[in-house]
Amino acid sequence: MGLRQSCGRTGSCFDSAAAESFRALLKEEIGSRTWPGRATARADVFTFIETFYNRRRLRKHKIFGYLTPAETRQRHQHALAA
């Protein structure tokens, strides 16, 4: 199936924290329902990522300025261009 095992450090709980956090939020928002096909499931996940996760979800930390990921990326790109 083309899967690869995670290659994190042994005993480090932080290696997959970001992925686990995203997966928990995804399950909370769109649930664990069954889709009629792979294309429909992919479209629903893509819509979730592009309409909520990157555009409306605030990064709840002062280091990120309480911005969405898209706003954070835009500020970073603007700073690099300057």
Side-chain angles (χ1 to χ4, degrees):
M1 297 184 89
L3 301 175
R4 285 184 27 195
Q5 181 177 353
S6 173
C7 298
R9 297 181 309 265
T10 302
S12 175
C13 61
F14 302 109
D15 285 349
S16 62
E20 293 295 333
S21 175
F22 170 78
R23 188 173 188 286
L25 182 62
L26 178 66
K27 283 177 65 177
E28 180 181 312
E29 293 294 325
I30 68 171
S32 56
R33 65 181 186 263
T34 303
W35 285 269
R38 181 181 296 243
T40 308
R42 288 180 65 130
D44 282 356
V45 171
F46 178 82
T47 299
F48 166 75
I49 291 170
E50 284 303 314
T51 61
F52 172 74
Y53 194 79
N54 286 338
R55 308 279 177 217
R56 294 193 320 251
R57 175 187 62 98
L58 297 180
R59 299 177 89 180
K60 299 174 186 172
H61 197 283
K62 66 181 177 182
I63 211 163
F64 297 117
Y66 302 99
L67 301 171
T68 66
E71 291 167 336
T72 303
R73 186 178 319 110
Q74 186 178 26
R75 277 194 178 177
H76 178 69
Q77 290 172 341
H78 181 70
L80 289 176

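Residue numbers start at 1 and run along the sequence shown.
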For this session: For E50, check side-chain hydrogen bond (donor to acceptor under 3.5 Å, both in side chains) against everything at least two apart and list the hits.
Result: N54, R55

Exercise. If you measure from CG on L25 to CZ on R23, what distance do you get to the nearest 0.5 Å?
Worked result: 12.0 Å

Seminar exercise, completed: Per side chain to side chain contact (heavy atoms under 4.5 Å, CB included), T47 is matched among T51, I49, V45 by T51

For this session: Only pairs at least two apart or in different chains count here, so list each salt bridge (Lys or Arg N to Asp or Glu O under 4.0 Å) that has a residue in residues 37-46.
Result: R33-D44

Seminar exercise, completed: In short, ring-ring contact (aromatic ring centres under 6.0 Å, His included) pairs touching residues 22-47 with sequence neighbours left out are F22-Y53

